[in-house]
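Notes to accompany the following structure.
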Amino acid sequence: MFLINYIKSFTSRKSKEEEEENVMAPPQEGPTLRNSPLNRYSPPTKYYDTNSNYTQISLMKPEPLELPSSKNPAFINMPKQAGFNRVLDGLKKRQLLHDFRLERAADVYNPIQNIGSGAFGIVCEAEETSSRTRVAIKKIAHASATPTLARRTLREIRVLRHIKHNNIVRLRDIFRTNGPLGIDVFLVMDLMSINLHQVIYSWECLKEEDILSFLMQLLNGLQYLHKASIAHRDLKPSNLLVDENLNLQIADFGMAKCYHKEALRADDPDEHCFYMTQHVATLPYRAPELLYVLPEHSTAVDMWAVGCIFGEMVLKSEVFPGRNVQNQIRMLLAVFGRPPQHIINEVRCDRTRKLIEDADNFVELTWEEFLFNKNRSENQNIFENCEAVSFIRQLFEVDANDRLTIDEALNHPYIKNHPKAEKSYLNNTSTCPFYIKHSMIQVEKLNHAKLIEELQKDAPSATHQELHSGTRKWFEGAFLRESDIYKNCGEGFQEDESNLEEYQLQISVCTSED
Ligand SMILES: Nc1ncnc2c1ncn2[C@@H]1O[C@H](COP(=O)(O)OP(=O)(O)OP(=O)(O)O)[C@@H](O)[C@H]1O
């Protein structure tokens with residue numbers, strides 16, 4: 001009981017306003033999904049607490065909107081509904097055109113509506129005027145203003161520019177404009193219908209076959225990246241985009257990083273700074289090695305997030321919904337107990353080490369009991385399958401060395417032997433090209449001035465249509481820029497880890513000659 005009450009107490013400390021906000025999480029309106037398999041889910045009639053530990057079905061119905069009485073002067077002066085909506089639409093359009101002032105690219109793309117925003121970007125739906133294709137444009141405002149923003153933008157461009165994979169969002173175009181605080185970078189991507197966060201919370205509980213399909217598509221996309229030692233580092237449901245045929249694509253590569261030893265330098269801002277490490281990945285999906293500020297990170301941080309996302313699809317609530325770093329650490333300690341001494345010895349932050357050392361080292365519930373107690377959703381039967389429980393448990397190994405790797409996850413009996421698992425995802429041998437890895441490694445080494453220089457090269461001031469009259473030559477051009485470097489590196493270029501250092505040296509020589 002202690003553990004249940006303890007974990008419950010994390011949410012009970014929410015302020016009244018926060019609670020009111022959370023309980024009433026009405027279904028979000030996504031884009032129209034006519035003819036989509038998602039139509040087999042109807043929007044919930046009950047209202048779910050999307051942020052709580054437990055999927056609480058609130059008995060409270062939303063309060064009816066208090067309409068002003070006809071005697072109220074506010075009502076008399078209120079514009080008629082249709083007129084009011086028109087004014088509102090006009091304001092939204094003006095805001096959209098203000099946010100997406102595309103300058104020269106305005107002839108090529110016509111912004112239609114705002115579809116989302118995050119900490120770093122605003123995304124709108126737009127039309128490519130020549131082909132009348134609907135696309136998504138992400139604006140990263142004043143991308144050159146700080147080294148962090150410039151590095152984030154360059155990472156996203158460098159990963160997405162050459163990737164062709166069904167489960168990774170496709171970048172169609174890149175261009176920049178001059179904003180008030182340096183350059184604004186625009187990434188044009190395929191338009192997706194909705195994100196997985198909306199799917200989880202806007203419809204009834206997902207069926208196991210759909211959960212498995214999303215999970216396998218996520219693993220498939222990740223396998224492609226992890227084979228090149230690239231970690232996404234910010235996996236969460238809102239960064240997984242879904243189209244109307246339930247195809248899933250990984251998006252938002254601003255935190256992506258190549259974990260090759262070459263990329264990790266002594267003064268690496270992410271790897272060796274307590275402040276930065278604690279800001280990698282969104283809190284509820286953050287792996288213990290990041291939370292505990294351990295020196296070694298790897299692609300295993302993504303595998304922890306996969307466990308969180310799988311759990312959230314089943315439970316319809318976050319598995320570890322911490323509200324701040326300390327709260328999140330305490331939650332993991334309550335569920336998994338104190339980590340082994342060799343891990344505690346490596347913790348580089350004294351406050352965190354003290355928090356861990358002071359924690360009780362007993363776990364009152366088994367993992368199965370923990371999941372069962374959290375599991376108030378209609379999907380209970382999934383965690384009655386011991387293979388599903390073992391799968392998620394192995395993704396939640398506190399010691400990253402013991403956690404399932406991407407290949408082990410795809411070969412886990414829950415995934416491999418499940419009768420409803422789509423087997424085509426299991427035999428994927430495609431690998432992320434070698435030059436992506438190299439260009440990622442370079443990003444980590446650049447100072448602010450160099451980052452801006454590279455950003456200006458990678459994000460031209462004109463769209464590819466303008467530059468190459470509608471062909472994809474611009475992309476081929478970008479590709480050539482990389483392969484020319486490799487050509488200069490001489491014969492024998494191959495995707496061989498052991499030769500990486502040698503090529504690295506040659507590439508830096510070639511680049512400086514450019
Ligand atoms: N290609 C796309 N099609 C449809 N919607 C998209 C697309 N790309 C992004 N979005 C939506 O726009 C929102 C913001 O995008 P994104 O996550 O890339 O921005 P961000 O600022 O990098 O976010 P974060 O705060 O997670 O770092 C997301 O919720 C996502 O659902």
Side-chain angles (χ1 to χ4, degrees), residues 25 27-33 36 38 50 96 99-100 109 111-128 133-143 145-146 148-161 163-174 184-202 214 217-218 221 231-257 270 276 279-286 290 301-302 305 308-309 312 318:
Q28 295 176 37
E29 229 181 85
T32 357
L33 291 167
S36 161
L38 272 178
T50 56
L96 181 75
D99 289 339
F100 287 87
Y109 301 107
I112 294 171
Q113 58 171 332
N114 202 321
I115 48 176
S117 59
F120 293 88
I122 331 172
V123 182
C124 83
E125 178 182 344
E127 187 181 68
E128 196 177 65
T133 313
R134 291 290 166 103
V135 294
I137 305 184
K138 174 169 170 172
K139 172 186 173 181
I140 305 169
H142 29 84
T146 66
T148 309
L149 259 175
R151 203 181 305 276
R152 256 194 87 109
T153 313
L154 209 53
R155 279 170 175 164
E156 186 147 21
I157 294 175
R158 293 268 165 111
V159 175
L160 289 180
R161 196 171 50 182
I163 282 184
K164 278 197 207 105
H165 191 280
N166 286 342
N167 302 116
I168 295 174
V169 73
R170 187 166 78 104
L171 185 64
R172 304 167 62 97
D173 196 0
I174 314 168
D184 294 340
V185 172
F186 295 84
L187 307 179
V188 184
M189 295 169 282
D190 280 352
L191 178 69
M192 300 292 279
S193 307
I194 198 166
N195 66 44
L196 190 62
H197 177 90
Q198 293 167 307
V199 172
I200 295 173
Y201 295 109
S202 304
F214 287 141
Q217 294 184 70
L218 168 61
H232 181 283
R233 305 203 308 166
D234 196 13
L235 286 179
K236 57 182 171 182
S238 60
N239 283 340
L240 302 177
L241 306 176
V242 176
D243 74 7
E244 55 197 25
N245 297 316
L246 302 196
N247 295 316
L248 177 142
Q249 295 190 339
I250 305 172
D252 192 2
F253 283 81
M255 294 301 291
K257 179 162 193 168
D270 288 358
M276 283 308 288
H279 286 77
V280 172
T282 306
L283 201 50
Y285 309 91
R286 201 174 290 169
L290 297 168
V301 297
D302 286 345
C308 297
I309 294 166
E312 194 167 338
E318 286 164 356

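Both counts, for ligands and for their atoms, begin at 1 and track the order of listing. In this chain, residues are counted from 1 in sequence order.
Under the side-chain hydrogen bond (donor to acceptor under 3.5 Å, both in side chains) criterion, Lys139 pairs with no residue at all, not counting sequence neighbours.
Arg170 has its side chain within reach of Arg172: a pair of non-hydrogen atoms, C-beta onward, lies under 4.5 Å apart. Taking 4.5 Å as the limit, every side-chain heavy atom of Asn166 sits out of range of all side-chain heavy atoms of Asn247. Inter-residue side-chain proximity for Tyr109 and Glu128 is flagged as met; some heavy-atom pair is nearer than 4.5 Å. The shortest distance between side-chain heavy atoms of Cys124 and Asp99 does not fall below 4.5 Å. Within the 4.5 Å cutoff, the side chain of Tyr285 has heavy atoms near those of the Glu312 side chain. No side-chain heavy atom of Phe214 sits under 4.5 Å from any side-chain heavy atom of Ile309. Side-chain atoms of Thr153 and Ile157, non-hydrogen and from C-beta on, do get closer than 4.5 Å to each other. By the 4.5 Å heavy-atom criterion applied to side chains, Glu156 and Val185 are not counted as neighbours.
At a heavy-atom cutoff of 4.0 Å, ligand 1 is contacted by no atom of His197, backbone or side chain. Counting heavy atoms under 4.0 Å from ligand 1, residue Ser193 does not touch it at all. Counting heavy atoms closer than 4.0 Å to ligand 1, residue Leu241 contributes side-chain atoms (C-beta onward) but none from N, CA, C or O.
Shown here for Leu149 and Ala141, the closest heavy-atom pair between the two residues is CD1-O, 4.1 Å.
In the vicinity of Gly121, heavy-atom distances shorter than 4.0 Å reach the ligand 1 atoms 20 (P), 21 (O). Contact atoms of ligand 1 toward Asn239: 17 (O), 26 (O) (distance under 4.0 Å to a heavy atom of the residue). Taking every non-hydrogen atom of Arg152 and a distance limit under 4.0 Å, the qualifying atoms of ligand 1 come out as 22 (O), 27 (O). Listed by number with element, the atoms of ligand 1 under 4.0 angstrom from any heavy atom of Lys138 are 16 (P), 18 (O), 19 (O), 20 (P), 22 (O). Close contacts between ligand 1 and Met189 involve ligand atoms 1 (N), 8 (N) [criterion: under 4.0 Å to a heavy atom]. For ligand 1, the atoms lying closer than 4.0 Å to a non-hydrogen atom of Ala119 are 21 (O), 23 (O), 24 (P), 25 (O). For ligand 1, the atoms sitting less than 4.0 Å from at least one non-hydrogen atom of Ile115 are 4 (C), 5 (N), numbered in the order shown with element in parentheses. Near Ala136, the atoms of ligand 1 lying under 4.0 angstrom from a non-hydrogen atom of the residue are 1 (N), 2 (C), 3 (N).
Salt-bridge formation is detected for the pair Asp252/Arg152: a Lys NZ or Arg NE/NH1/NH2 atom is positioned less than 4.0 Å from an Asp or Glu carboxylate oxygen.
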### Message
Evaluate Asp234 against Thr282 for side chain to side chain contact (heavy atoms under 4.5 Å, CB included), listing each step before the verdict.
### Response
CA-CA 6 Å; Asp234 196 13; Thr282 306; 2.9 Å; yes

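Ligand 1 lies out of reach of Gly254, whose nearest heavy atom is not under 4.0 Å from it. Residue Gln249 places every heavy atom at 4.0 Å or more from ligand 1. Between Ser238 and ligand 1 there is a heavy-atom distance shorter than 4.0 Å.
When only interatomic distances are considered, the shortest N/O to N/O separation between Met192 and ligand 1 falls below 3.5 Å. Backbone and side-chain nitrogen or oxygen atoms of Lys236 are examined, and one is located within less than 3.5 angstrom of a nitrogen or oxygen of ligand 1.
When hydrogens are left out, the protein atom nearest atom 9 (C) of ligand 1 is Val123 CG2, 3.7 Å; that is the closest non-hydrogen contact. In terms of protein heavy atoms, atom 24 (P) of ligand 1 is closest to Asp252 OD2, 3.3 Å. Atom 1 (N) of ligand 1 has its closest protein heavy atom at Asp190 O, 2.9 Å.
Of the options Ile140, Asn195, Val169, the smallest heavy-atom separation from atom 29 (O) of ligand 1 is shown by Asn195.
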